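Residue numbering restarts at 1 for every chain, and letters A, B, ... go by the order of the sequence lines. Quantities reported herein were computed from a predicted structural model and do not represent experimental measurements.
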Protein chains: 2
Amino acid sequence: MPRLVAERGDAVPVLGEIFRKYGYDGASIGLIVQETGLGRSSLYHFFPGGKEEMARAVLEHVDSWFEENIFTPLETGDPDTALAHMYSEVASYFRSGRRICIVGAFALDAVRHPFAREIEGYFTRWIAALERCLLRRGLTGRRAAAAAPQIVALIQGAIVLSRATADPGHFSAALDAAAELGKA
Amino acid sequence: MPRLVAERGDAVPVLGEIFRKYGYDGASIGLIVQETGLGRSSLYHFFPGGKEEMARAVLEHVDSWFEENIFTPLETGDPDTALAHMYSEVASYFRSGRRICIVGAFALDAVRHPFAREIEGYFTRWIAALERCLLRRGLTGRRAAAAAPQIVALIQGAIVLSRATADPGHFSAALDAAAELGKA
DNA sequence: GTCTATATGGAGATAGAC
DNA sequence: GTCTATCTCCATATAGAC
């Protein structure tokens, strides 16, 4: 039976879940050792830059996933299909609000990490892709530019709310409201 | 000239700003000593429960502020006036998104603190007060129940977004969109 | 690559004089 | 109440054998 984590690439998604669950500071190396099953030395062998490099790898992995599964489809696919696809992918990715957005969490986390650029890139990219999709869908430039950030904000806020109240119902309701915002 | 922080009550708002800026883990006691100007011993004299008690005091202070300035007016004042009041108070309280919501940040922070109950209370209280206001304003029960959490989510998400992109424009735009959600 | 052992720093919290 | 000094623990990270 193969090991769960046998190389650097295998570790990244596991690291992502750990950072999501415990936060950047809360994810101590000792905890990471436990949850990944990797030894301390293997961890530093794979990530010589330590915890910062681990988090950076996670952010890159998340960014790639969104680029491939959300952003690109929004810009190249049929607009209506791509939007519906976004909502369903987002719902399952964030487990209807039970799983937080690590980028959003890092954004609120302020000063403790050097990832401001990555965080900004993720959100501006998402908004830009969404805005283009709404434009291609027939919204005016004004309305598309207004709706895109509001949809992203609604999703992020719904994660906060679902987390705070332990009620995933808020999440699906917010996605429905977001879909309304994107209509002509 | 009086000291900035001379008693426990004076310390709480300062502590709030520190937790907002650095997060719960990031706000080390050493940092708190520096920023408040209080000595270690005075700090522990005022807050024998240590950092946890400091954060709890901050959350209680925030909760009282919202109760008095937002929640109660929503339930007792003229609905239209109270709503407009909420948006303007929220905008200045969160400094148009440049200041984060400490309760929202703690909600995403997951496992590192024992404040889940307080966090849930804050958001459910906000949503309940808002829902009642919308009802009194003439929305159907269905629509009020749907719009209230969406408005709160939009505000929280706008804070995330403003923080991530360093663009306060997202915040005021989100407040406008939220106001639209609360119309019949 | 992975192990055990450890260096080093800073965290939260406390003691006891004043 | 506030001071200085200090306790203990655990954090990240590294050394060096295998």
Peer 1: Which pairs pass ring-ring contact (aromatic ring centres under 6.0 Å, His included) with one or both residues in residues 75-105 of chain A, sequence neighbours excluded?
Peer 2: A:W65-A:Y93, A:F66-A:Y93
Peer 1: Could you spell out the base pairing of DNA chain D in dot-bracket, with Watson-Crick or G-U pairs whose two distances are under 3.5 Å, [ ] crossing and | to another strand?
Peer 2: ||||||||||||||||||
Peer 1: In whole Å, I'd like the distance from the NE2 atom of A:H45 to the P atom of C:dT2.
Peer 2: 7 Å
Peer 1: Provide, to the nearest angstrom, the distance between the CG atom belonging to B:D10 and the P atom belonging to D:dT2.
Peer 2: 11 Å
Peer 1: Show the numbers, then the answer: is there a side chain to side chain contact (heavy atoms under 4.5 Å, CB included) between B:T36 and B:I18?
Peer 2: CA-CA 9 Å; B:T36 58; B:I18 298 172; 4.0 Å; yes
Peer 1: Rounding to a whole Å, what distance do you find between A:L43:CG and C:dT4:C1'?
Peer 2: 16 Å
Peer 1: How long is the line joining CZ of B:F47 and P of C:dT14, in whole Å?
Peer 2: 15 Å
Peer 1: State whether the side chain of B:T72 and the backbone N or O of B:E68 hold a donor-acceptor pair below 3.5 Å, judged by distance alone.
Peer 2: no
Peer 1: At under 4.0 Å between heavy atoms, which parts of nucleotides 6-18 of chain D does protein reach? Answer with one letter per nucleotide, 5' to 3': B base, S sugar-phosphate only, - none.
Peer 2: -----SBBBB---
Peer 1: Kindly write out the residues that satisfy side chain to side chain donor-acceptor pair (under 3.5 Å) with A:E52, not counting sequence neighbours, or none if the list is empty.
Peer 2: A:R56
Peer 1: Do B:V14 and B:I32 have side chains that get closer than 4.5 Å, going by heavy atoms?
Peer 2: no
Peer 1: Sequence neighbours left out, what passes side chain to side chain donor-acceptor pair (under 3.5 Å) with A:E53? Give chain and number order.
Peer 2: A:R8
Peer 1: With sequence neighbours left out, write down each residue that passes side chain to side chain donor-acceptor pair (under 3.5 Å) with A:S92, or none if nothing qualifies.
Peer 2: none
Peer 1: Could you walk me through whether A:F19 and A:I100 pass the side chain to side chain contact (heavy atoms under 4.5 Å, CB included) test, one step at a time?
Peer 2: CA-CA 10 Å; A:F19 283 122; A:I100 69 162; over 6 Å; no
